[in-house]
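Since we're looking at a predicted model, the values are computed, not measured. For ligands, and for the atoms within them, numbers begin at 1 and follow the listed sequence.
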Amino acid sequence: MNPNCLTCEVLSGKRRAPGGTIFQDALWEVGSVLAPVLVPGYLIVNLRRHCEDLKDLTPDEAAALGSVLRTTCAAIHRVLAPPRIHVASYGEAIRHIHFHVIPRHAGMPPGSLGTELYIRWRRLLYRMGRKAIAVGNAAEIVAQIQDAFDRIR
Ligand SMILES: [Zn+2]
């Protein structure tokens, strides 16, 4: 654990995302993005240990990653059926290896730039006082995805 890492805070339980943990094994953990949830079903796949570069994954971590991402996307699709699901890893603001798994809903513009701009626009509206998804609703969606995740695995 790194004391200056937001992802390590989530993994240690210091911060809790709406709905809690969807999946956890020795290597990876899946849960909702932290509140405010700006896109329903927006999940984060976190590496359980603090590591900052994909080239430094162990062979076991690398081998398990595909299955975790596939199951995460399948569970989101089963519950929300978005036209597309975006998966991205940036590692800029938060270095700890994590993947954004973002359903691109029908009302959102297609393409990664469109999704990025949509999220920034929603964040701006949130800061201006508009509601994001209520935490209770976000947690309910996460519970549905967790149920689908468990059925798929
Ligand atoms: Zn960390």
For this session: For the Zn ion (ligand 1), find the closest N/O/S atom on H96 and give its atom name.
Result: ND1
Exercise. Can you name the nearest heavy-atom pair linking I145 to A75, along with the distance?
Worked result: O-CB, 3.6 Å
Problem set entry | From CA spacing to verdict: salt bridge (charged side-chain N to carboxylate O under 4.0 Å, His left out), E61, R49 | CA-CA 10 Å; E61 290 166 342; R49 70 180 176 97; 2.6 Å; yes
Exercise. Which atom, among the N/O/S set of H50, is closest to the Zn ion (ligand 1)?
Worked result: ND1
Problem set entry | Short N/O/S contact of C5 with the Zn ion (ligand 1) (below 2.8 Å) | yes
Exercise. If you draw a 6.0 Å radius around CZ in R84, do more than 12 non-hydrogen atoms from other residues or ligands fall strictly inside?
Worked result: no
For this session: Check the pair Y118 / R122 against side chain to side chain donor-acceptor pair (under 3.5 Å), numbers first and verdict last.
Result: CA-CA 6 Å; Y118 176 86; R122 292 289 310 257; 3.1 Å; yes
